[in-house]
Amino acid sequence: MKTAFDGFRAVSKGESRSGVVHARDLPRIADRLADADEAGAADDEIRWEIGGVRSAEGRPALTIALDGHVPLVCQRCMQPLDWPVEQVSEVLLARDETELAALDEASEQEVVLADALLDPRVLVEDELLLTLPFVPRHADGACAEAPEA
Ligand SMILES: [Zn+2]
């Protein structure tokens with residue numbers, strides 16, 4: 001399966017690509033998820049689309065759109081917590097380490113080193129990691145069981 005792509009080429013061609021990943025298959029996210037056999041924890045599908053664009057300043061960038069569900073564990077009741085994800089972010093592309101450092105300094109935007117082929121799964125995983133709550137919790141009063149007093 002050929003999935004890795006040249007980020008700068010995607011920008012110059014205006015290409016986009018899309019696919020589906022399962023949160024459970026992403027190594028840096030898997031250990032934060034509810035067990036698959038727990039009720040309400042089955043849906044871990046994330047649809048993604050990555051497109052080559054120019055940032056507002058005209059820099060090469062990628063938009064990364066995520067749409068799906070991540071079954072986290074509520075840290076209050078320890079029951080599965082369906083975390084819907086629906087977001088679009090834009091990351092700048094850097095040609096080398098020097099440009100990466102310069103862009104990081106100059107911009108509030110995320111910067112990705114694109115001196116080699118990019119793996120969509122890694123980009124998607126990076127974005128997901130940024131969007132997941134550090135301490136996931138159900139809304140107040142929505143926990144499965146009252147917490148210990
Ligand atoms: Zn809860």
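Counting starts at 1 for both ligands and their atoms, in listed order. Side chains are part of it too, since the values below use all heavy atoms of this structure and drop only hydrogens, waters and symmetry mates. Since the model is a prediction, treat every value here as computed from it, not as a measurement.
Nearest approach of Arg32 to Pro133, heavy atoms of both residues: NH2-O, 2.9 Å.
Using modelled atom types, one finds no donor on one side chain facing an acceptor on the other under 3.5 Å when comparing Glu90 with Thr63.
No donor-acceptor pair under 3.5 Å is formed between the side chain of Glu127 and the backbone N or O of Leu123.
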One pair to check against salt bridge (Lys or Arg N to Asp or Glu O under 4.0 Å): Asp140 and Arg76. What are the steps and the verdict? CA-CA 10 Å; Asp140 283 344; Arg76 191 155 45 196; 3.3 Å; yes
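A salt bridge does not link Glu49 to Arg47: none of the charged nitrogens lies less than 4.0 Å from a carboxylate oxygen.
Each protein N, O or S atom less than 2.8 Å from the Zn ion (ligand 1) was counted, giving 4.
Around CH2 of Trp83, the count of heavy atoms belonging to other residues, nucleotides or ligands within 6.0 Å does not exceed 12.
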